[in-house]
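Reviewing the structure listed below.
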There are 2 protein chains.
Amino acid sequence: MNKNQSLPWDHPRFRSWIAVARACQLMQQSLGRSLAELEIKTPHLDILINLYRFEGISQQELARKLLVGRSNMSMLLPQMEKRGLIERRGDEKDKRVLRLFLTPEGREVTEKAMVIQTDLIERVLSPEPIEQCMAMAESMERIIHVLQQEDLVDED
Amino acid sequence: MNKNQSLPWDHPRFRSWIAVARACQLMQQSLGRSLAELEIKTPHLDILINLYRFEGISQQELARKLLVGRSNMSMLLPQMEKRGLIERRGDEKDKRVLRLFLTPEGREVTEKAMVIQTDLIERVLSPEPIEQCMAMAESMERIIHVLQQEDLVDED
DNA sequence: ACAATAAAGTACAACGATGAACAAAAATCA
DNA sequence: TGATTTTTGTTCATCGTTGTACTTTATTGT
């Protein structure tokens, strides 16, 4: 089991991925600090942005998009409803599902938060050529696709 | 405050970054599942890999490298010590610091875990040309640098 | 040398995320 | 139709992370 010849940090793709993970972690932390002024946290923003795009989505669908468990939504959404950011209405046709909507205040907070997030991304990513960003996005989307395929197989 | 003309998802760098974050999240989850067979979790692996590379590091230095708080290390490391993966020895010269070392078992587990992680990364990233991976790594390292600079300024 | 300050590590309370067990409502199918 | 299975959402116990306050040890400044 002598790995001296193939330590991970001699492995170019390994090093690349470590850098990706680190950058993500730092971005997340930085975003979290910037969002403090709106009194929301990054998980709330993820939810808000999805409701902004996909109004009337169910908790289940939202959880799937965010790659978290349903119970997570059951914990967070009632809080956000009490804060007046979102509203949950029962579906007429299927009484199991709760459909989610932004309140006017929620929409306002979301827009402010999206400005903060976009500014941060722009500020940090603008030194990178746009072609490089696009190429990166394509790589990442392929990676996402591969990993999600595997998840489906696991659930058999 | 009409954002209809500049929604974030029309913003190329925003879309790119969302893809990066999503890919990271999925990788983390996939790695977590694969590590279950070694009965460790991803935070433990981060620690083990750092001790593998930087033997004798202090808890403080380790926390800084991992971008987490000191208290986090104070919670995790005693657990890992009890499991026999690591050892903590007091520094002779500075009685405040505890220096961290892998036990033989810890080294063994680390090597197995690194194989798992490297295989996962290789499997998922191998469709991407190596030049693209290298370019991505360089971008990410620049991003890391920018964000860390800002952190230092904040701490003034 | 002595006081004040800084640094390393710990303890603890608060919060977020998770998975399992559960209730209610559909969907399936015999 | 009636029984079984699936789906949606909730509850709860557990675990990891964080920030704050605290102890001990070094360092700094006078």
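If you're wondering where the values come from, they're calculated on a predicted model, not measured in any experiment. First the proteins, then the strands, lettered A, B, ... as listed; each starts at 1.
- One atom, CD of A:Gln25, and another, C1' of D:dT18, lie 14 Å apart when rounded to the nearest Å.
- Within a 6.0 Å radius of CZ in A:Arg64, no more than 12 heavy atoms belonging to other residues, nucleotides or ligands are found.
- Distance CG (A:Asn72) to P (D:dT8): 17 Å, rounded to an integer number of Å.
- Not a single donor-acceptor contact under 3.5 angstrom links the side-chain atoms of B:Arg96 to the base of D:dT24.
- Here A:Gln59 does not reach the OP1 or OP2 of D:dT8: none of its side-chain N or O atoms lies under 4.0 Å away.
- Listed by first and then second residue, the salt bridge (charged side-chain N to carboxylate O under 4.0 Å, His left out) pairs involving residues 126-139 of chain B are A:Arg142-B:Glu128 (not counting sequence neighbours).
- Residue whose closest nucleotide on DNA chain C sits further toward the 5' end, between A:Lys95 and A:Val68: A:Val68.
- Per the geometry, CG belonging to B:Leu66 stands 13 Å off C1' belonging to D:dT17, to the nearest Å.
- Between the CG atom of A:Leu77 and the C1' atom of D:dT8 there is a distance of 13 Å, rounded to whole Å.
- Take the nearest nucleotide of DNA chain D for A:Ser71 and for A:Asp94: the residue whose nucleotide is more 5' is A:Asp94.
- One interatomic measurement links the two molecules: NZ of A:Lys93 to P of D:dT8, which rounds to 16 Å at whole-angstrom precision.
- For A:Met75 and D:dG16, the CE to P distance is 17 Å, given to the nearest whole Å.
- B:Pro43 comes within 4.0 angstrom of the backbone, heavy atoms only, and of no base.
- In summary, contact between chain A and DNA chain C, defined as any nucleotide atom under 4.0 Å from a heavy atom of the protein, begins and ends at C:dG16 to C:dA26 in the 5' to 3' direction.
- For the pair B:Ser58 (side chain) and B:Leu98 (backbone), a donor-acceptor distance under 3.5 Å is absent.
- Distance A:Arg88 CZ to D:dT10 C1': 9 Å, rounded to the nearest Å.
- Across all their heavy atoms, A:Glu105 and A:Gly84 have their closest contact at OE1-O, 3.8 Å.
- Both A:Glu92 and B:Leu98 lie close to DNA chain C; mapped to their nearest nucleotides by heavy-atom distance, the more 5′-ward contact belongs to B:Leu98.
- Connection of A:Met134 to B:Met136 is not established within any shared hydrophobic cluster, with ILVMFWY side chains joined at heavy-atom distances below 4.5 Å, either directly or through further cluster members.
- Panel note: side chain A:Gln132, backbone B:Ser139; no donor-acceptor pair is recorded below 3.5 Å.
- A:Glu61 places no side-chain N or O within donor-acceptor distance of the main-chain N or O of A:Gly56, the cut-off being under 3.5 Å.
- Atom CD of B:Gln79 and atom C1' of D:dT14 are 12 Å apart (whole Å).
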